[in-house]
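Comments concern the structure below.
Protein chains get the first letters and strands the later ones, always in sequence-line order, with residue 1 at the start of each.
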Amino acid sequence: MSEPKLPTRAEDFNEWYNQLVLRAELADYAPVRGCMIVRPYGWALWENIQAALDRRFKATGHLNAAFPLLIPKSFLEREAAHVEGFSPELAVVTIGGNKELEEPLVVRPTSETVIGHAYAKWIQSYRDLPVLINQWCSVVRWELRTKLFLRTLEFFWQEGHTAHATFEEAEAETRQMLDVYTDFAVTEAALPVIPGLKSESERFAGADRTYSIEAMMGDGKALQAGTSHNLGQNFAKAFDIQFLDRDGERKFCWTTSWGLSTRIIGAIIMVHGDDQGLVLPPRLAPFQVVIVPIYKNDAERAQVMEAVVGLQRGLTASGVRVKLDTRDGLTPGFKFNDWEMRGVPLRIEIGPKDIAKRTVVLARRDRPGKEGKTCVDWDSLGAAVAATLDDIQAALLTRATAFRDANIHDVATYDDFKAAVETGFARVWWAGDAALEQQIKEETKATLRCIPLAQPGETGTCLMTGRPTPTQAIFARAY
RNA sequence: CGGGGCGUGGCUCAGCCUGGUAGAGCAUUCGCUUUGGGAGCGAAGGGUCGCAAGUUCAAAUCUUGCCGCCCCGACCA
């Protein structure tokens, strides 16, 4: 049961987040440090995310498969940048069945290596290409500092792995999946993300190019919400993924990988949540509508419940995810607050007064208090619910976009830059290198989040080098 | 992994300084009255005081080690 008060976001954004995750029953701490239990309400949200993404993966020709959890340690070592990037955070199994293993096994931190091994066996000819496979699984990275959903030792995600005959095809795939992520984030999660290219220093270990979608949280910090990598021929060469091409020549494949994790739940919380708690986008919410019946005695209860069950059946039949709150002994006021904390987009209040008029009260989560309440006839309830859910979905995106745009600052001086990253994103002309990024990071804690795909098509003066450049970059402090 | 803070019924915490055998509020269960924005009264159940050593006649309290959580750094999706 929920406690009366959550810290406000302005008071302590971190504490607001930590308490909300627990109280909304999205997740809980596990007995092992840094691990997370995803509770049914959180998992239902993840299932809706999975369904929305999986639909898009299938529509672009991908198939799901399952690759093993354990990977020979030597596999990680075959790709130089990959092992350098991942070895500090590997969990290693050295004993099996009470015996020391001949070769240690790592718990997958990501699956490029085992999948590369399989692809080398499966791919012989250009006719075998492209290979387009995705898997839903969890991976383990031994992180030092963890936070529920944002960074845990084990996290749930999907990882897509594809192999192609040419660089151009691989690049097109990489960009296509970035577009899929962008579309998912905007359409389903109402997250106005910025798709862009990562700088060399932020690139995935083993990739030639890394793209990401970056989102702005409610405190102005950035969160990488999904990534898509063009791996070039790096893994193909490390795992000998070759094919015989039309021209009779043996060539290395071009591979990609792309992933999106339960971290996106953290983004949804921190972008849409308010001081009352979660605000879930209708398209992903486990419950889109909660019905709170109101009554004073058994006679009223019977009367109200009869009406409520009918209304619920109608809504469910039209495809709306409805929760009926039948808990006894709790006041309506308590239930209102409880479901608001859990982020249900729309609430139906129905009591004796409504029964008499054959109406209900509809309350929108995105508009607090009386302002968000309307009175609706039973006959038009289905249409009103559908329309209002759509409206909430759109309103969340509009609000988040306005917030983001108001907190992206175009800056031309380093002083303005420092001020900008205190509260939001800094957008700058950029011709710098990894050393300058490092310097900026040390001095301001801000990192180059991405070079947005959408560029102004003009030239400007680089913030640090003073050189003319056609490129703008986004810097921010990040989770 | 470095610096700081904190671990006492499910939750928030008091008690620790000055050792003497564990408390409050909320939550839970039961009963009655309540129920349109976080209900009231009454009763009941629930704690090897994070774990392990040590000091002591006696440890929640003192000492040491370990574990975990939170915050700040470095690392990262």
On the nucleotide C72(B), are OP1 or OP2 found under 4.0 Å from the side-chain N or O atoms that Asn14(A) carries? yes
Produce the list of close N/O pairs, under 3.5 Å, pairing protein atoms with atoms of nucleotides 65-68 of chain B; give distances to one decimal.
none

How far does the C1' atom of G73(B) sit from the matching atom of A59(B), given to the nearest Å? 37 Å
Across all strands shown, which nucleotide pairs with A39(B) by Watson-Crick or G-U wobble geometry, both distances under 3.5 Å? U33(B)
For U34(B), take OP1 and OP2 only and decide whether either is under 4.0 Å from a side-chain N or O of Lys296(A). no
Of the listed nucleotides (C1(B), U35(B), G38(B)), which one gets closest to any side-chain atom of Leu144(A)? C1(B)
Does G47(B) have a Watson-Crick or wobble partner in any strand here, with both distances under 3.5 angstrom, and which is it? none
With C1' as the reference atom in both, quote the distance from C11(B) to C6(B) in angstrom, rounded to an integer. 16 Å
Output the single nucleotide from G36(B), C71(B), C75(B) whose closest atom is nearest the side chain of Glu143(A). C75(B)
Looking only at atom C1', what distance separates U28(B) and G68(B), rounded to whole Å? 26 Å
According to a strict under-4.0 Å criterion, is Arg347(A) in side-chain N/O contact with OP1 or OP2 of G37(B)? no
With Arg175(A), which residues qualify under side chain to side chain donor-acceptor pair (under 3.5 Å), at least two apart? none
Would you say that more than 12 heavy atoms from the other residues, nucleotides or ligands in this model lie under 6.0 Å from the CG of Asp298(A), or not? no
Check whether any side-chain nitrogen or oxygen of Asn18(A) sits under 4.0 Å from OP1 or OP2 of C71(B), and answer yes or no. yes
Taking the six-membered ring of Phe336(A), is NZ or CZ of Arg347(A) closer than 6.0 Å to its centre and within 45° of its axis? yes
Sequence neighbours left out, what passes salt bridge (charged side-chain N to carboxylate O under 4.0 Å, His left out) with Asp208(A)? Give chain and number order. none
Please pick, from U35(B), C72(B), C70(B), the nucleotide with the shortest atom-to-atom distance to any side-chain atom of Tyr29(A). C70(B)
Expressed in whole Å, how much space separates the C1' atoms belonging to C13(B) and U55(B)? 29 Å
Would you measure the distance from the P atom in C70(B) across to the matching atom in A53(B) and give it in whole Å? 28 Å
Looking at every strand, decide which applies to Thr227(A) at a 4.0 Å heavy-atom threshold: base, sugar-phosphate, or nothing. nothing
